[in-house]
Protein chains: 2
Amino acid sequence: MLDERTKKILYAVIHSYINNPEPVGSRYVTKKYDFGVSSATIRNIMADLEELGFLTQPHTSAGRVPTDRGYRYFVDSILKEGYGHLDEDLATTFLSRLQNIRDDIDAYFAEVSALLSRMSNYMGIAQAPKPDVSTFKRIELIRYRGESIAAVLFTNEGLIKHRVIQVDPLFTQKDLNRLSDYLNKEYAGLSIDEVKSLLFKRLRFDKVVLDRLLDKAFKIYEQILSFSEGEIYMEGLLDVLTLPDFADISKIKQIYKAIKDKHIMLKIIDSISKTDGVQVIIGRENEFEELSRCSIVASTYGHSGKKMGVIALIGPTRMDYSKAISMVDFVSNCLTKTFSE
Amino acid sequence: MLDERTKKILYAVIHSYINNPEPVGSRYVTKKYDFGVSSATIRNIMADLEELGFLTQPHTSAGRVPTDRGYRYFVDSILKEGYGHLDEDLATTFLSRLQNIRDDIDAYFAEVSALLSRMSNYMGIAQAPKPDVSTFKRIELIRYRGESIAAVLFTNEGLIKHRVIQVDPLFTQKDLNRLSDYLNKEYAGLSIDEVKSLLFKRLRFDKVVLDRLLDKAFKIYEQILSFSEGEIYMEGLLDVLTLPDFADISKIKQIYKAIKDKHIMLKIIDSISKTDGVQVIIGRENEFEELSRCSIVASTYGHSGKKMGVIALIGPTRMDYSKAISMVDFVSNCLTKTFSE
DNA sequence: TTTTAGCACTCTCACCTTGAGAGTGCTAAT
DNA sequence: ATTAGCACTCTCAAGGTGAGAGTGCTAAAA
């Protein structure tokens, strides 16, 4: 749709703007990128690109700046024509930093997000495996004071989740042991989703096992097994916030608010987890006005079609997409491998 | 040391500046606060206050602004002459919002920090009870994959802590059960500090109980029982950051960095927990340059001389100290009561 | 001795003007 | 299709100006 030279010029403008967030002028392009034509020609082509919506001018007689649409065209070409592997050094650092904490999921994903951030200078986000697609290992139920018990859930992936649940004060520790033993013996090895759906079907017929506890068992099991999303770890907000792209306070405030808003983050992550592979959401392509000046490069990870979680980078629309995409792709593959054992 | 009228004028300037962060002029004081003297007199007294280091001028011929020392004088008088109770409405809101989550420590302290912040519009900080002064209830040890086990620690206060520990792969679940049974039976009800010191003394003599496990038991127990500080919950950073006091980005960045720095926060909290009662740290009185424009109103909570944790408000030095002090005092008393059962 | 009126002085801030610099669009020539 | 040339536009930093706010000092009044 765009002829080769026009494309090249678009990419040159984007390249320049990514490295240095100042409007790019025709003379600059002529000098820095060797197209073998004069600035006047470049000028005409840039005018064409503006007409097509790929570039825009902040004001008459400033240089040009890529639009969301411009970035989109660029990113699509990266995604279609393939992108390079992540820098060897970065890849090695990444792997070595994670070697020793494989078994502590909290530490592991905190580190993944920190590494994503540090390696890219954007904000790194890593979602721990979603509990409901994880594999049930066992639960422990422990009587606490008065009406509450503590439930601790373990999964094969290494997730450990505890929560406090209100129960009938007449439940004894023995009762609780029966509840947990039943689950631990009969359901270990299934995904938590499967446990849930099977459990509530079977309980009716297994009445004998739990007899008088049955009614209350329903409630307790339900609470223990209901988890919404995997824990989300973020790192590097400050790096993004202090970029020149967000130089004024109102913008900083806006973005900070959106990022801290669990609701918004969950919605974004949820929409990402609907699709496989690396995804790029540029500027206003996402539904939240507050993040209209940000781009998100994200991917799910997980084995054999079972999406376990999401990792992402958030930066300004003026992002080094090529590097970000390679990085997200690499990290997502690592996680997938790691959690397929 | 200051005569009554001079004091009143100092307080008037502080009062005005707290409500509106603009240098306070003599004419303004004359008009808004009725001292029955002319602006010239006020002017002279303000000049005296400046000489004494309680006020300062941003530049010749601007009004005056309180110095850290001015605030200190003001705060000391509040602390000495007593301060009012927290606003009835706020107190009721506070108590009612916490009623239903008493049993879930995480949720509880997250809510405490959120309430502190929302009620004051400053940053609220709440530290959950320190594990080492909490009362040991029980542990569970669970074999995980390969060389790691999960340890879950429960305290009477409602703390639940889990961690993953590397152990000799030859340890069976039965071995682990013996380790946990021993602890659960012999040490329940003691503080974790006591458990630690007793345990390592006694283990030598109780050899029989753990026999061949002894060596490794040492290591495992040590890891399970070693916790540094209580979890710290913070809320409302944005409220503080968007105050006019920190209007430029470099200040925002500085403060953000300091607040997010676990190291700094721990050091501050640690120094607070050395003293009883409400403490106020004003501006440069704290050791961190980054927080030199902030004040901290803090208190420990806990029963009978055993300090369990710290709560605090962080705001600009231009803080409503009176309100902040009442609030921190109130909340600290609530927590103390709650955790004395 | 304390307080006050009056006034000269200082400093900031918002507003304006101005000129340099960067970049464009258009036109006519190549 | 490309280019040189030029008029035009817009921003931005620098310098100048005057209103406004507030002070310090002095001399007189209480």
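In what follows, chains are A, B, ... by sequence order, proteins preceding strands, each numbered from 1.
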Euclidean distance, atom [atom1] of residue [X] to atom [atom2] of [N] [Å, nearest integer]:
X       : N      : atom1 : atom2 : result
A/Lys31 : C/dG23 : NZ    : P     : 10 Å
A/His59 : C/dG21 : NE2   : P     : 17 Å
B/Asn44 : C/dG6  : CG    : C1'   : 14 Å
B/Met46 : D/dC25 : CE    : P     : 15 Å
B/Gln57 : C/dC11 : CD    : P     : 10 Å
A/Leu49 : C/dG23 : CG    : P     : 17 Å
B/Tyr28 : D/dT23 : OH    : C1'   : 18 Å
B/Asp48 : D/dT23 : CG    : C1'   : 14 Å

Assign each of B/Pro58 and B/Gly36 to its nearest nucleotide of DNA chain C by heavy atoms, then name whichever residue's nucleotide is nearer the 5' end.
B/Gly36
Does A/Ile9 reach the side chain of A/Ile42, with side-chain heavy atoms less than 4.5 Å apart?
yes
N or O in side chain of [X] less than 4.0 angstrom from [N] OP1/OP2:
X       : N      : answer
A/Arg64 : C/dG23 : no
B/Ser38 : C/dT3  : no
B/Arg27 : C/dT4  : no
A/Thr41 : D/dT3  : yes
A/Ser26 : C/dT24 : yes

What nucleotide among [options] has an atom nearest to a side-chain atom of [X]?
X       : options               : result
A/Thr60 : D/dC10, C/dC11, C/dT4 : D/dC10
A/Ala47 : C/dT24, D/dT3, C/dG25 : C/dG25
A/Arg43 : C/dT24, D/dT9, C/dT4  : C/dT24

Parallel, tilted or perpendicular: which describes the rings of A/Tyr73 and A/Tyr11, with under 30° parallel and over 60° perpendicular?
tilted
Aromatic ring pairing B/Tyr321/B/Tyr71, orientation class (parallel under 30°, perpendicular over 60°, tilted between)
tilted
Crowded around B/Lys32 NZ? As in, over 12 foreign heavy atoms under 6.0 Å?
no
B/Thr6-B/Asp3 side chain donor-acceptor pair, cut-off 3.5 Å:
yes
